[in-house]
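Comments concern the structure below.
In this text, all values refer to a predicted model and were calculated from it rather than measured experimentally. Sequence lines set the chain letters: A, B, ... in the order given, protein chains first and strands last, and positions in each chain run from 1.
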Amino acid sequence: MRCNYMEKVRVRFAPSPTGELHIGGARTALFNWLFARNRGGSLVLRVDDTDRQRSSRQYLDSIIESMRWLGLDWDEGPLVGGPFAPYVQSERLPIYRQEAEKLLQKGMAYPCFCTAEALAEQKEKFRRMGQPPRYTGNCRNLSEMERELQKAEGRSYVLRLLTPGDGETIVDDIIRGRVSFENRYIDDFIIIRSDGLPTYNFTSTVDDHKMEITHVIRAEEHLSNTPRQLLIAGRLGYDTPLYAHVPMILAPDHSKLSKRHGATAVSEYREMGILPEALVNYLALLGWSPGDDREIVDIEEMTRLFSLERVSKNPAIYDLKKLTWINGHYLRELHIDKVTAYAVPFLAKSGLISAEPGADEEKRLQTVIDLVRDRVKNLCEVADACNYFFIDHFPYDEQGIKEHFQKEGAGEVLKEIAAALEEVEPFEVENIKSALKQLSKKMGLKMAQVNLPLRLAVTGRTMGPDLFEIIALLGKEKVTERLYRACERFCS
RNA sequence: GGCCCCGUAGUCUACCGGUUAGGACACCAGGCUUUCAACCUGGAGGAAGGGGUUCGACUCCCCUCGGGGUCACCA
């Protein structure tokens, strides 16, 4: 193991473009990013696309898009290049071939001609006998002549690593401490498939070495694979990086997070109106703790405070409730310019505004969003909560209609309110408020008896932001118009 | 099944041999208010079980139980 406390830290995030960036991957990326930034090191983005069937360019694009949205940039990798290019594994095949050749030369790897069917059959046999499935090393001791013969016959083959079969391999994990694995449980696994493409354990080991990675920070599901990688590294004479296996994120039913548990992709959260600041904050707290009682930590603060020693060992269960709470917090605490910018696509999608609002519209938009932001949980709700500022034909709350419009004298009250408001000049919050107070007094009604029907007539809802602010913003004309309209429609 | 990791309230966590076991989400009650939120105050709820070690264990060791991961020509 090399001593790397003096050298510059280099970490990597190596997603496989076989799906979108999910919550777990995003957190792994975040931890890598935080560690690199905290230590003034570099983050490498590497694309693990050796599964040619399932990998696609679209997924890569969406992963990149999600990382950008979260604010996680990388120093080397796709789009930015770097000294160890290429960063896409399917473009590094000659490198793996060369390393595999070295192993072959040293007799540390060998060709195996067993067919997939034969191996499956063998595995099934072991399973029936209640034994752990393993490769028995059929092709391990083939002579050079037999190998040549098989190849001459045109039989396809894979390359397997010659594993020691005894002794133990130690993973010195930063988060988990010393973990030892007995080598007798590790059989001769495949490093190059029959189509010539290398497997994950092999590419990962070769690239981590070639790219001079100092710390491998990844999900715990890779812990059991680490001794295999260490074995490869040992046979190739590589120094090995330090490892940190972060705990898994589990679904509420304690199983591995998957689509059936609802939203798992970062892009889905974006569409649900979650703010990137909130998702980053929530994800960071899932498995890492700043060491004190704070729950709201922005990314700069996290960067300052982050350390792998403070990452917990136990798996975390994913809980939307807390994310929702954090999102609400950022929604009302972030600068209004920022929230407005985030909200625009949502309002546009709902058909309330154009996708590129002009300066005047933008100003009004800010005022409106500022009014509704502290009573909603996400950007979709922002769009919904302020519809009446932009359209006249909004729906009315059914229950509200029954309670406030369809009872004796309701129409009269609405007309009185309209008449009173018509007199208000200038049409500003304080004036509106006192005019309505006077009216309620005159009619012998409680404030609520005036406000509730008024709110319903003007917004279609029984709840919402400060009524007087809404009225002032809407303007006299619209307000009185809506009052009369409600009267005609519901109070006949 | 073998191997590996993990085990503080429903959930995320603090503590790293001596605390009335702290905070947050969620939950319940109250307050504030023109409504609903937000916000404030209060409340209920926790060391998986059993053995050790120790003057003293949530904390260290062992066993049991529980959860997860892995054992692919997926990553």
Checking contacts here: which listed nucleotide (C25(B), C73(B), U8(B)) is nearest the side-chain heavy atoms of W325(A)?
C25(B)
Quickly work out the L223(A) CG to U70(B) P distance and round it to whole Å.
11 Å
R176(A) and side-chain contact (heavy atoms from CB on, under 4.5 Å): which single residue from V311(A), V246(A), L223(A) fits?
L223(A)
Measure the shortest side-chain to side-chain distance between Y318(A) and L250(A) over non-hydrogen atoms and say whether it is less than 4.5 angstrom.
no
Tell me whether the OP1 or OP2 atom of G2(B) has a side-chain N or O from R184(A) closer than 4.0 Å.
no
Using the side-chain heavy atoms of K322(A), tell me which of these nucleotides is nearest: C12(B), C73(B), U35(B).
C12(B)
Ring centroid separation for F389(A) and F394(A), is it under 6.0 angstrom?
no
Does a side chain donor of either H329(A) or N281(A) reach within less than 3.5 Å of an acceptor in the other side chain?
no
With a 4.0 Å limit, can you tell me whether T324(A) has a side-chain N or O closer than that to the phosphate oxygens OP1/OP2 of C25(B)?
no
Option among L231(A), T205(A), V171(A) that satisfies the side-chain contact (heavy atoms from CB on, under 4.5 Å) test with T226(A)
V171(A)
Could you say whether C114(A) or L285(A) is positioned toward the 5' end of RNA chain B, judged by the nucleotide with the nearest heavy atom to each?
L285(A)
Does the ring center of F306(A) lie less than 6.0 Å from the ring center of W288(A)?
yes
Go through C73(B), G69(B), A37(B) for me and flag the one nearest to the L119(A) side chain.
C73(B)
Can you tell me which nucleotide in U35(B), C73(B), C3(B) comes closest to the side chain of F181(A)?
C3(B)
With both distances under 3.5 angstrom, what nucleotide forms a Watson-Crick or G-U wobble pair with U54(B)?
none
Counting side-chain heavy atoms from C-beta on, which of C12(B), U70(B), A14(B) comes nearest to N225(A)?
U70(B)
Side chain of E220(A) only, heavy atoms from C-beta on: which candidate in C36(B), G68(B), U70(B) is closest?
G68(B)
Quick one: look up who C71(B) pairs with, Watson-Crick or G-U, both distances under 3.5 Å, and put none if it's unpaired.
G1(B)
Quick check on G69(B): is either OP1 or OP2 less than 4.0 Å from any side-chain nitrogen or oxygen of K313(A)?
no
I317(A) has its side chain closest, among U11(B), A75(B), C73(B), to U11(B)
Watson-Crick or G-U wobble partner for C65(B), using a 3.5 Å limit on both distances?
G7(B)
Give a yes/no on whether any side-chain N or O of T199(A) is located under 4.0 angstrom from OP1 or OP2 of C73(B).
no
Using only side-chain N and O atoms of R52(A), determine if any of them is under 4.0 Å from OP1 or OP2 of A75(B).
no
A316(A) side chain, from C-beta outward: closest of C5(B), C12(B), G23(B)
C12(B)
When you check the phosphate oxygens OP1 and OP2 of C12(B), does a side-chain N or O of N314(A) lie under 4.0 Å from one of them?
no
With a 4.0 Å cut-off on heavy atoms, is T203(A) in touch with a base, just the backbone sugar-phosphate, or nothing at all?
nothing
Checking only heavy atoms, does the side chain of R176(A) share a donor-acceptor pair with the base of C5(B) at less than 3.5 Å?
no
D292(A) has an atom CG; how far is it from atom P of G22(B), in whole Å?
17 Å
Which comes earlier along RNA chain B counting from the 5' end, the contact point of W288(A) or that of L452(A), where each point is its nearest nucleotide?
W288(A)
Sugar-phosphate, base or nothing in reach of R461(A), heavy atoms under 4.0 Å:
nothing
Per D51(A) side chain, nearest of listed nucleotides A26(B), C5(B), A75(B)
A75(B)
